[in-house]
**Q** 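Can you keep this structure in mind? I'll have questions shortly.
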Amino acid sequence: GNVKEMKRLLAMVQSRGVSPNVFTYNILIKGFCNEGKVQEAMILLDEMVSVELIPDVVTYNTLINGLCKGHMVEEAKNLLGTMVRKGCMPDDFTYNTLIDGFCKAGMVQKACDLLQDAMFKGISPDQITYSTLVNGFCEEGNLERATEVFDEACKKGLGHNVIVYNALVKGLSEQGLFPEAFELVNKMLDSGCGPNIWTFNILMSGLCKKGNLYHAENLLNEALPNGCTPDIFTFNTLIYGFCKISKLDEALKIINKMR
RNA sequence: CGGUUUUACUUACUAA
C-alpha cells in the first residue's frame with residue numbers, strides 16, 4: 001500500500017475510538033521499510049510528530065535499518081544525529097545497525113569509527129557487533145583484521161557463537177583457505193559450539209566455486225551425522241557446482257536426492 | 001516487572 005491508504009486506515013481505526021500509538025507506527029514503519037519504501041516510512045515519522053506521538057528508539061532504529069538496507073548509509077547516520085538532538089538515546093541496536101550498514105557499503109573504517117563512538121557512549125560491542133565486523137573485514141578481503149576482531153571477541157568470551165564463527169569460515173573459504181577453514185570448524189566442535197547447516201553451506205559454496213565438487217559432496221554426507229539437515233541452499237549450491245564443471249548428470253542426481 | 005515493534009552469518013538467477 002501507500003501512505004495515503006494508510007491514513008485512510010488509521011482514520012477508520014480512530015473513528016472507532018482507538019488511537020494508534022507508537023507501537024502501531026513502528027510496525028507500519030517496519031512494513032514500509034521491508035517493502036523498500038523508506039521514503040514513505042520517513043513520512044510516517046513526521047506524521048507521528050504531528051499527532052503528538054513521540055518516536056522512540058525502536059522507531060529510529062527501524063528507520064536507520066531501512067535507510068542502511070536501501071544503501072543510504074549517510075542518511076542513516078544523519079538520523080542518528082537527529083534522534084540524539086531530539087533527546088532519544090541510541091542503543092546497541094542503533095550502533096550495530098549502522099555498523100553493519102557501513103560495512104556492507106564497503107566502509108569498514110567508518111564502521112570502526114562508529115564503534116568507537118558507541119564505546120564512548122558506554123555501549124560495548126556484543127556478538128552481533130563482532131560478527132558484523134568480522135564479516136565486513138572478510139568482504140574487504142582483509143582476513144588479517146577479520147582474525148584480529150575474532151580473537152578480540154574470543155578474549156571477551158564473545159567468540160563462541162555460530163554466527164561469529166560462520167562469518168570467519170566464510171571469509172577463509174572464499175579465499176580458498178580451506179585447511180584454515182576446516183581447522184576453525186574443528187575448533188567449533190571442541191568449544192561445544194558446533195557447526196550448523198549454514199557452516200556446511202558456506203564451506204560447500206566455497207568448494208563449489210573452486211570446482212572442488214569431490215570435497216563438496218563429501219561434506220554433504222557429513223552434514224547429517226553432525227546433526228545438520230541439508231536444506232534448499234545446500235542442494236542448490238551443489239547443483240550449481242556440478243553445472244559449473246559441466247557435470248549435468250551429477251547435478252540431476254542431486255535433484256533426485258532432494259525428493 | 002502481562003503480551004505486541006528494531007540489528008549480525010549461507011545458494012543461484014536477473015540488471016548495469
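Source: prediction; values computed, not measured. Here is the naming used below: chain letters follow the sequence lines, and residue numbers restart at 1 for every chain.
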**Q** Is the closest side-chain donor-acceptor distance between A:Asp113 and A:Gln109 under 3.5 Å?
**A** yes
**Q** Search all heavy atoms of A:Tyr130 against all heavy atoms of A:Ala153 and return the closest pair with its distance.
**A** CG-CB, 3.5 Å
**Q** Where along residues 241-259 of chain A does a heavy atom come under 4.0 Å from RNA chain B, residue by residue in number order?
**A**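 Contacting residues: none.
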**Q** Is there a side-chain contact between A:Phe120 and A:Gln116 (heavy atoms, below 4.5 Å)?
**A**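 A side-chain contact under 4.5 Å is absent here.
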**Q** Applying side chain to side chain donor-acceptor pair (under 3.5 Å), name anything that partners A:Asp100, two or more places apart in sequence or on another chain.
**A**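 A:Asp100 satisfies side chain to side chain donor-acceptor pair (under 3.5 Å) with A:Lys104 only.
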**Q** With sequence neighbours excluded, what pairs up with A:Glu140 under the side chain to side chain donor-acceptor pair (under 3.5 Å) test?
**A**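 In terms of side chain to side chain donor-acceptor pair (under 3.5 Å), with neighbours along the sequence ignored, A:Glu140 is linked to no residue.
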**Q** Which residues satisfy the side chain to side chain donor-acceptor pair (under 3.5 Å) test with A:Lys110, sequence neighbours excluded?
**A** none
**Q** Strictly by side-chain hydrogen bond (donor to acceptor under 3.5 Å, both in side chains), give each pair with a member in residues 68-85 of chain A just once, sequence neighbours left out.
**A**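 Matches after skipping sequence neighbours: A:Asn65-A:Lys69.
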**Q** Report the residues that fulfil salt bridge (charged side-chain N to carboxylate O under 4.0 Å, His left out) with A:Lys247, sequence neighbours left out, ordered by chain and then residue number.
**A** none
**Q** Using side chain to side chain donor-acceptor pair (under 3.5 Å) as the criterion, list what pairs up with A:Glu174, not counting sequence neighbours.
**A** none
**Q** For RNA chain B, determine which residues of residues 17-27 of chain A have any heavy atom closer than 4.0 angstrom to one of its atoms, and list them numerically.
**A**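 Close to the strand are A:Phe23, A:Asn26, A:Ile27.
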**Q** Once ring pair (Phe, Tyr, Trp, His ring centres under 6.0 Å) is applied, do any residues pair with A:Phe137, and if so which ones, sequence neighbours excluded?
**A** none
**Q** Can you confirm whether more than 12 heavy atoms, excluding those of A:Lys86, are under 6.0 Å from its NZ atom?
**A**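 No, NZ of A:Lys86 has 12 or fewer neighbouring heavy atoms, counting only those of other groups under 6.0 Å.
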**Q** With sequence neighbours left out, which residue pairs that include part of residues 222-236 of chain A fulfil the side-chain hydrogen bond (donor to acceptor under 3.5 Å, both in side chains) condition?
**A**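 For residues 222-236 of chain A, and leaving out neighbouring residues, the side-chain hydrogen bond (donor to acceptor under 3.5 Å, both in side chains) pairs sorted by first residue read A:Asn201-A:Asp231, A:Asn201-A:Thr234, A:Asp231-A:Thr234.
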**Q** Looking only at atom P, what distance separates B:C1 and B:U5, rounded to whole Å?
**A**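 It works out to 16 Å between them.
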**Q** Do nucleotides 8-16 of chain B as a string where each nucleotide becomes B, S or -: B if the base has a protein heavy atom under 4.0 Å, S if just the sugar-phosphate does, - if no protein is that close.
**A** BBBBS----
**Q** Looking at residues 106-123 of chain A, who's got a heavy atom less than 4.0 Å off RNA chain B?
**A** none
